[in-house]
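All heavy atoms count here, side chains included; hydrogens, waters and symmetry mates do not.
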Amino acid sequence: MYNNVGSQPGVVQPPTNTQPNPFGSAFQVAGSGLIRGGLGAYGGKILGSSSEYVQSNISRYFSDPQYYFQVNDHYVKNKLKVVLFPFLHRGHWTRITEPVGGRLSYKPPIYDINAPDLYIPLMAFGTYVVLAGLSLGLHGKFSPEALNLLFIKGLLGWFMQAALLKVTLLSLGSGEAPLLDIIAYAGYTFTGICLAVIGRIISGYSYYFLMPWTCLCMGVFLVKTMKRVLFAEVRSYDSSKHHYLLLFIALVQFPLFIWLGNITINWLL
C-alpha cells in the first residue's frame, strides 16, 4: 500500500546498481576461508592434544590388560616359587625392558619372571572361593549365602591390599605405577592363603604352621617388589620413612591373612 510507488505512472525512479562487487565477494570468501581454516587447525590441535593426553594417562595408570595374561606354564610355575618361596629366589628383582616405538617398555610376563600378571591372582582368588565353600561343606555350614559373603570378603581383602600398596607409593612420592600392576601384586595374596586353607582342610595343625609361613613369604615378596618400584621411580625420599613403611607392609600381612583365612559364616570375623 505504501511502497507501491514504482507502479505509478509518471514517476521516474533512480537507477539501481545491480552489478556485484568482485572485490567484496573475494574478500568475504578469503576471510571466511581463513577463519574456518584457523578454527579448524586450532580445534584439531586441541582435540589432538586432548586425545594424546587421555591416551598417555590411560597407558600410564592402566596399561594394556592383555599384557597381564601373556603367560605360560613355565612362567606360572616359576612365579609361584617366587611368591611362596621368595628366600630361594637368587636372581634379580628388576624388570626387563625392551625398546618399543622409540621408548623403553617392560617385557610381558612370559619373558620376565618379575613382571606382574593377572592370571595367577584371578585363578588364586577363584581357588580361594572354592576352598572356602569346601571348608564350609566339611563343617556342615555350607550355603549359597555364606559362599557369597566369603566372595565379598575376598574382594574386600584384595581391595584393602591394593589400597595399602597404592597409599604407600603415594606417601613416598611415587604414584607412577600402573593401577593394574598394583592390583596384580595385591592379588598374589591369595596364593599363600589358598595354601594355608588347604592345610586347614587336611589337618588343623598344619594350618598353624602354613599361615605364619605364607604371611612371612608374602611380606618379603611385597617388600622386595615395592623396593624395586621405589628405586626405579622415586628420585628423592626419606630413607627412614621408606624403611618404616616397607616394614609396615610386611607386618600388615599377618592380620590380613588371618582374617581371610578364617572361613566362617560371619564374614566380618
- Item | Steps toward side-chain contact (heavy atoms from CB on, under 4.5 Å) verdict (Phe142, Ser135) | CA-CA 8 Å; Phe142 177 81; Ser135 179; over 6 Å; no
- Given Thr191 and Thr214, is the side-chain contact (heavy atoms from CB on, under 4.5 Å) satisfied, shown in steps? CA-CA 9 Å; Thr191 58; Thr214 54; over 6 Å; no
- Task: Test side-chain contact (heavy atoms from CB on, under 4.5 Å) on Trp259 and Phe254 and set out the steps.
- Result: CA-CA 9 Å; Trp259 179 62; Phe254 288 89; over 6 Å; no
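Classification of the Phe209-Trp213 ring pair by plane angle, with boundaries at 30° and 60°, yields parallel.
In this structure, Tyr208 places its OH atom where only 12 or fewer heavy-atom neighbours from other residues, nucleotides or ligands lie under 6.0 Å away. By the 6.0 Å contact criterion, OH on Tyr119 is open, its count of non-hydrogen atoms from other residues, nucleotides or ligands being 12 or less.
Here the straight-line distance linking atom CG of Leu210 with atom CD1 of Ile198 works out to 9.5 Å at 0.5 Å rounding. Of the inter-residue distances, the one linking Phe159 atom CZ with Leu156 atom CG reads 8.0 Å to the nearest 0.5 angstrom. The line from OH of Tyr188 to CG of Leu80 is 9.0 Å long, rounded to the nearest 0.5 Å. Here CG of Asp181 is found 5.0 Å from CZ of Arg95. Values are rounded to the nearest 0.5 Å. One finds the CE atom of Met160 at 11.0 Å from the OG1 atom of Thr189 (value rounded to the nearest 0.5 Å).
For the pair Arg228 and Thr94, the tightest heavy-atom approach, listed with the atom from each and the gap, is CD-CA, 3.4 Å.
For Tyr75 and Asp117, the side-chain atoms include at least one donor-acceptor pair closer than 3.5 Å.
Using a 4.5 Å heavy-atom threshold, the side chains of Gln253 and Gln161 count as touching. Using a 4.5 Å heavy-atom cutoff, the side chains of Pro108 and Glu98 are in contact. Using a 4.5 Å heavy-atom threshold, the side chains of Ile193 and Val197 count as touching. Leu136 has its side chain out of reach of Thr264: every pair of non-hydrogen atoms, C-beta onward, lies at least 4.5 Å apart. Proximity of Met226 to Leu169: side-chain heavy atoms (C-beta onward) are separated by under 4.5 Å at one or more points.
Evaluation of the ring-ring contact (aromatic ring centres under 6.0 Å, His included) rule for Phe125 yields Phe151, Trp158, Phe190 as partners, not counting sequence neighbours.
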